[in-house]
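Worksheet: the structure to be examined is printed underneath.
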Amino acid sequence: MSEDLSKVPTQVPSNDIEIKKFIPTENITLFRSCLVSSEYPGIESSTKYIFDKLGIEYVIDRNQSCCTGLGHYYDIFDEFSTTALAARNFHHAIENNHKHFVPMCSTCYAILKTSAKILNEKDDVREEINRRFREKGLDNLQYTKGDIDPVNDITHVLDVLFYVRDKLPSLKKVDLSGLNIATHHGCHYYKVHYDDSICDVRNPNVIDDVCESMGAPTIGWYDHKRRHCGCGFRQRYANKELSMEASFEKFDSLYDNDVDLLIHMCPNCQVQFDRYQHIISKKTGHDYKMVHLNISQAVALYMGADPYKVLGIQTHTQRVEPLLDKLGVKYDIKGDKLHD
């Protein structure tokens, strides 16, 4: 069933968005994601490429552990264990003088925020975690209330890109304006901690605003723009038919809008759309031509990053090369440089 578009606000111009949280450009811990590393490592290399070009200061901490997001939502990790691991990750970032967490994954973003709020607000949980650290001789990992501000110390990569969007045109190498672009915002970004997000929960458009800054306007609002990708974590495997069915209407809306490129901000959403597009195509009878890129991959492409060495398009299921052909981008499967 289609959504009632009369109740949806028109897209807000980026210049009118009031940022009510701190967005870091230094002292950043770029928080690695298991899904990014295992499915689309080009998201990480694209993010680093952008940050390096823009002079955004960051580190990647080798002591970091997984946020437990996938295990948490599969009910393998309980909330206590997830929060304890977050306390450990928080300690290493603080010790390293890079306490501003910038995750590349919406689930990492939501998990870290939730854990910080629990550690700050639930004294009994915090004390029990600290007690167990002491028992194991890990006194240095103990968390003090307020060590991490869940609003201002945990910021998605998308927020940083939005904050520096006015600097992007000076680094333009590839014109994306000829593409029909749509966006998909991760639910763990704008639906879970919606008070912390610079994204309107009723009309998510932060990715659209970054695209606008690159001179590549999106189609804006489309039917089912707010719809979940359909993965539901375990549902993708335990109830595959239900998971795929949840994606059908969104895919058909994108098909009706003749979308060339769907831009994501969450690797799990990208898995659902990129890896399973051919399955959904068989079910619906529509030959979808969409290519899928993370927002960092799209920005890096705009800056002239190598499609193979930086964007990592060889890890995608839906071939990205036809999109590059449409853009007139020269590429070499050996990974030769795209630009000097």
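In this text, all values refer to a predicted model and were calculated from it rather than measured experimentally.
A search for side-chain contact (heavy atoms from CB on, under 4.5 Å) contacts involving Ser197 returns Tyr189, Tyr190, Cys199, not counting sequence neighbours. Among residues two or more places apart in sequence or in another chain, the ring pair (Phe, Tyr, Trp, His ring centres under 6.0 Å) test is passed with His316 by Tyr40. Partners of Glu121 by side chain to side chain donor-acceptor pair (under 3.5 Å), not counting sequence neighbours: none found. Thr47 meets the side chain to side chain donor-acceptor pair (under 3.5 Å) test with Ser296; sequence neighbours excluded. Applying the ring pair (Phe, Tyr, Trp, His ring centres under 6.0 Å) test to Tyr163 and every residue at least two apart in sequence or in another chain returns nothing. With sequence neighbours left out, the ring pair (Phe, Tyr, Trp, His ring centres under 6.0 Å) criterion links Phe22 to His100. Not counting sequence neighbours, Asp52 has no partner by the salt bridge (Lys or Arg N to Asp or Glu O under 4.0 Å) test.
Within the structure, no pair that satisfies the ring pair (Phe, Tyr, Trp, His ring centres under 6.0 Å) test touches residues 118-148, not counting sequence neighbours. Sorted by first then second residue, the salt bridge (charged side-chain N to carboxylate O under 4.0 Å, His left out) pairs that include residues 152-161, not counting sequence neighbours, are Lys21-Asp159, Lys99-Asp153. Under the salt bridge (charged side-chain N to carboxylate O under 4.0 Å, His left out) criterion, no residue pair touches residues 88-98, with sequence neighbours excluded. Sorted by first and then second residue, the salt bridge (charged side-chain N to carboxylate O under 4.0 Å, His left out) pairs with a member in residues 262-276 read Glu39-Arg275; sequence neighbours excluded. Residue pairs satisfying the salt bridge (charged side-chain N to carboxylate O under 4.0 Å, His left out) criterion with at least one member in residues 100-117, sequence neighbours excluded, are listed as follows: Lys113-Asp196, Lys117-Asp196.
Note: Tyr58 and His98 fail the aromatic proximity criterion, with ring centroids not under 6.0 Å apart. Not less than 6.0 angstrom separates the ring centroid of Tyr109 from the ring centroid of Phe101.
Between the side chains of Asn152 and Asp149, a donor-acceptor pair is found at a separation under 3.5 Å.
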